**Student:** 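Before we start, here is the structure in question, set down as structure tokens.
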Amino acid sequence: MNQKTYDYIVVGAGSAGAIVAARLSEDSDCSVLLVECGGSDRSVFVRMPSALGIPMNTKKYNWGFESVPEPYLDNRRMNCPRGKVLGGSSSINGMVYVRGHALDFDEWESLGAAGWNYQNCLPYFNRLENHQCVSSEYTGDQGPVMISGGNNMRNPLYRAFIDAGVQAGYIETENYNGYRQEGFGQKFMNVDQGIRASTSHAYLTEAKKRANLTILKKTLVTRIIFEGKTATGIQCSINGRLRKFNARSEVIISAGSIGSPQLLQVSGVGPKKVLEQAGVDMVHHLPGVGENLQDHLEFNFQYRCKLPITLNSELGLFKKALIGVQWLLLKTGLGRTNHFESCAFIRSKAGVKWPDIQYHFLPGAISYDGKVAFTGHGFQVHAGHNKPTSRGHVRIRSGDVRQHPEILFNYLATPEDREGFRNCVHLTREIMSQPAMDDFRGEVIQPTDDTKTDEQIDAFIRQSVDSAYHPSCTCKMGVDKMAVVDAELRVHGLHNIRVVDSSVFPSIPNGNLNAPTMMVAERAADIIRGKTIQSFSLVDVFIDKYWERRQRETATPI
């Protein structure tokens, strides 16, 4: 087999890997190999924001993972799309830009990820951002990832949803990524002048011009090569032929929360029993690889709309063609947005320290693939309980990386998670019944008004809930026996190998995962290069006063 040597090998050109490779290659004295199983991201369907449902449902761009029957979802198999293209999942996702709550990152540190608190992470969020909608100490305006507001809520339904939240007793928040996540407000997206701002678009467009960065597309990494406990390179399949590449310094795995634990396991790193059952020789027993799987679920509250102002009138072939032509020529119109332009973050019940329910509002009643279940006009709000306590796993079935692993999310396994979704139903009904929606709200489509009891709501949720496509936490940071990487993202017990992607999250944040994944990659690049982690002056964040008062009242006197 032909062999070539690089200083760094990065496996996966997705939300994290593209950033790591781009940042490492800024040093002209080091060579970087970036390996991606997928191909180019230049398709109009990848680049056009409103076409997001096409790459997400296309085999060319999607690994097509699926869960085993989920025992608490009436044994439904759940779709788990992951990007197989330059930019990875950032090239097929919904482009929603949400960091998560500040306390999500303090939680990471409390779970053993030393130094990964909000104050240390904030500079890296700011470094990656070029925010077009707000300007403050909480946001960045010089970074490579453009953050915009789509069409800035031109449809009156967006404003009505925010007003309904205020009428229900919540606050309007200017920037849910800033001082106060909790509340109702405008939603932001990573869209650059009408074009999807994936990590490929934002980072690799310039980086790939560098002589010291080599990008291999349509290249499947079949295993990590070890000499004892030291990673020395990778084995790949290119056009059916095996090749090896050596790494002088490190191998960095950025294959995502499904791909990274799978690749470690087929390379002999993982739980002993899983490796034995798959017939893989063990290099290093590491029981946490593939465990701790977490994801967000959501369901749609759908209503008919009294006025003909929704996206449902734009779904015919002729209207879609007009939208496409306008976007191709001018990058304007409905083609330049993901259509999620208002949102909310609230707490599921009193006493919760920070928000654990997220809303995405859509001025149409449609599915991701553009299908509708009725004629006429409608709108919907996506609702999800975002701090699950259920845990699942990713486990290989064989040593062949081409065979998809066993994925069990174990959704809604705990009473707390089921209660969280019941609260979603009750709270959403209260919000959507406010006067601000009266001019628009017609007959409810789902869940129907006669879905009232806990048993009825639970049954509706089991049948209606879908993944929000946020798998994470399968190679978590920490120091306990189930941790996979340390605070510098080095794999425990091994040398010259790190994992950098959403799999290293110790717990799932309250929000979409692309933004925190990019932040992790930015910070990881500094850690790998041995740079001093940027210090940042302390900034305030909103914490519910009821919670603080309750904590003081229940504190045990010293």
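The structure displayed is predicted, hence computed values, not measured ones. All values below come from the heavy atoms of this structure, side chains included, with hydrogens, waters and symmetry mates left out.
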**Student:** Are the side chains of Ile407 and Leu293 in contact, using a 4.5 Å heavy-atom criterion?
**Tutor:** yes
**Student:** Could you pull out the closest heavy-atom pair between Tyr176 and Gln186, with the gap in Å?
**Tutor:** CE2-O, 3.2 Å
**Student:** If you take the centroid of each ring, where Trp contributes its six-membered ring, are Phe340 and His382 closer together than 6.0 Å?
**Tutor:**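 Centroid separation for His382 and Phe340: below 6.0 Å.
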**Student:** Just to verify, which of Arg395, Lys476, Arg391 counts as forming a salt bridge (charged side-chain N to carboxylate O under 4.0 Å, His left out) with Glu291?
**Tutor:** Arg395
**Student:** Is there a donor-acceptor contact under 3.5 Å from the side chain of Arg127 to the main chain of Glu522?
**Tutor:** yes
**Student:** For a quick test of reading the model, state the closest non-hydrogen atom pair linking Thr517 to Leu513 and the distance between them.
**Tutor:**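 Between these two residues, the closest heavy atoms are OG1-O, 2.7 Å.
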**Student:** Decide side chain to side chain contact (heavy atoms under 4.5 Å, CB included) for Leu286 and His492; before the verdict, give the C-alpha distance in whole Å, the side-chain angles of both, and the deciding distance to 0.1 Å.
**Tutor:** CA-CA 8 Å; Leu286 199 55; His492 286 301; 4.1 Å; yes
**Student:** Would you check if the side chain of Thr428 reaches a backbone N or O of Val425 as a donor-acceptor pair within less than 3.5 Å?
**Tutor:** no
**Student:** May I ask you to check whether Phe361 and Phe301 place their ring centres under 6.0 Å from each other?
**Tutor:**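 Aromatic pair excluded; centres sit 6.0 Å or further apart.
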**Student:** Would you call the rings of Phe299 and Phe421 parallel, tilted or perpendicular, where under 30° means parallel and over 60° means perpendicular?
**Tutor:**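 Aromatic pair Phe299/Phe421 classed tilted.
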**Student:** Taking atom types as modelled, find out whether Asn510 and Gln358 have a side-chain donor-acceptor pair closer than 3.5 angstrom.
**Tutor:**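 Result is no, nothing qualifies.
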**Student:** Show your working on side chain to side chain contact (heavy atoms under 4.5 Å, CB included) between Val269 and Met282 and close with a plain yes or no.
**Tutor:** CA-CA 6 Å; Val269 179; Met282 189 174 69; over 6 Å; no
**Student:** Applying side chain to side chain contact (heavy atoms under 4.5 Å, CB included) to Val465 and Leu73, what does each step give before you reach the verdict?
**Tutor:** CA-CA 8 Å; Val465 78; Leu73 295 186; 3.7 Å; yes
**Student:** Verify whether the ring centers belonging to Phe226 and His284 lie closer than 6.0 Å.
**Tutor:**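 No.
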**Student:** I'd like to know whether Arg523 forms a salt bridge (charged side-chain N to carboxylate O under 4.0 Å, His left out) with Asp526, so could you lay out the CA-CA distance, the side-chain angles of the two residues, the decisive distance to 0.1 Å, and finally the verdict.
**Tutor:** CA-CA 5 Å; Arg523 193 164 188 258; Asp526 269 8; over 6 Å; no
**Student:** Between Leu275 and Gln265, does the side chain to side chain contact (heavy atoms under 4.5 Å, CB included) criterion hold? Intermediate values first, please.
**Tutor:** CA-CA 7 Å; Leu275 302 185; Gln265 289 174 13; 4.0 Å; yes
**Student:** Considering only residues two or more places apart or on different chains, which pairs with a residue in residues 505-519 satisfy salt bridge (Lys or Arg N to Asp or Glu O under 4.0 Å)?
**Tutor:** none
**Student:** Taking all heavy atoms of Pro516 and all of Val98, pick out the closest pair and write down the distance.
**Tutor:** CD-O, 3.5 Å
**Student:** If we count only N and O atoms by modelled type, under 3.5 Å, do the side chains of Asp501 and Ser260 hold a donor and an acceptor together?
**Tutor:**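 There is such a pair (donor and acceptor under 3.5 Å, judged by atom type) between the side chains of Asp501 and Ser260.
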**Student:** Locate the shortest heavy-atom distance separating Ser507 from Lys387; write the atom from each residue and the value.
**Tutor:**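 Closest heavy-atom pair between Ser507 and Lys387: OG-NZ, 4.3 Å.
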**Student:** Could you report the tightest heavy-atom contact between Leu86 and Asp41, atom names first, then the distance?
**Tutor:**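 Taking Leu86 first and Asp41 second, the nearest heavy atoms are O-CB, 3.4 Å.
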**Student:** Can you tell if the side chain of Tyr469 reaches within under 4.5 Å of the side chain of Ile92, non-hydrogen atoms only?
**Tutor:**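 Not touching, per the 4.5 Å side-chain cut-off.
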**Student:** Anything under 30° is parallel, anything over 60° is perpendicular, the rest tilted; go ahead and classify Phe184 against Phe161.
**Tutor:**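 It falls in the tilted class, 30° to 60°.
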**Student:** For residues 265-277, which residue pairs qualify under salt bridge (Lys or Arg N to Asp or Glu O under 4.0 Å), counting only residues two or more places apart or in two chains?
**Tutor:** none
**Student:** Pick one: which of Tyr124, Trp116, Phe125, Trp354 meets ring pair (Phe, Tyr, Trp, His ring centres under 6.0 Å) with Phe105?
**Tutor:** Phe125
**Student:** Mind jotting down which residue pairs meet the ring pair (Phe, Tyr, Trp, His ring centres under 6.0 Å) criterion with at least one end in residues 495-527? Sequence neighbours excluded, please.
**Tutor:**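 For residues 495-527, and leaving out neighbouring residues, the ring pair (Phe, Tyr, Trp, His ring centres under 6.0 Å) pairs sorted by first residue read Trp108-Phe505.
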**Student:** How long is the straight-line distance from OH of Tyr203 back to OG of Ser25, given to the nearest 0.5 Å?
**Tutor:** 12.0 Å
**Student:** Do Leu263 and Val221 come close enough that some side-chain heavy atom pair is under 4.5 Å?
**Tutor:** yes
**Student:** If I compare all heavy atoms of Val504 with all of Leu489, which pair ends up nearest, and what's the gap?
**Tutor:**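 Heavy atoms of Val504 and Leu489 come nearest at CG2-CD2, 4.0 Å.
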**Student:** Side chains of Asn514 and Ser15: donor-acceptor distance under 3.5 Å anywhere?
**Tutor:** yes
**Student:** Tell me, yes or no, whether the heavy-atom count around Glu174 atom CD, taken from other residues, nucleotides or ligands under 6.0 Å, exceeds 12.
**Tutor:**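 Incorrect, the count does not exceed 12.
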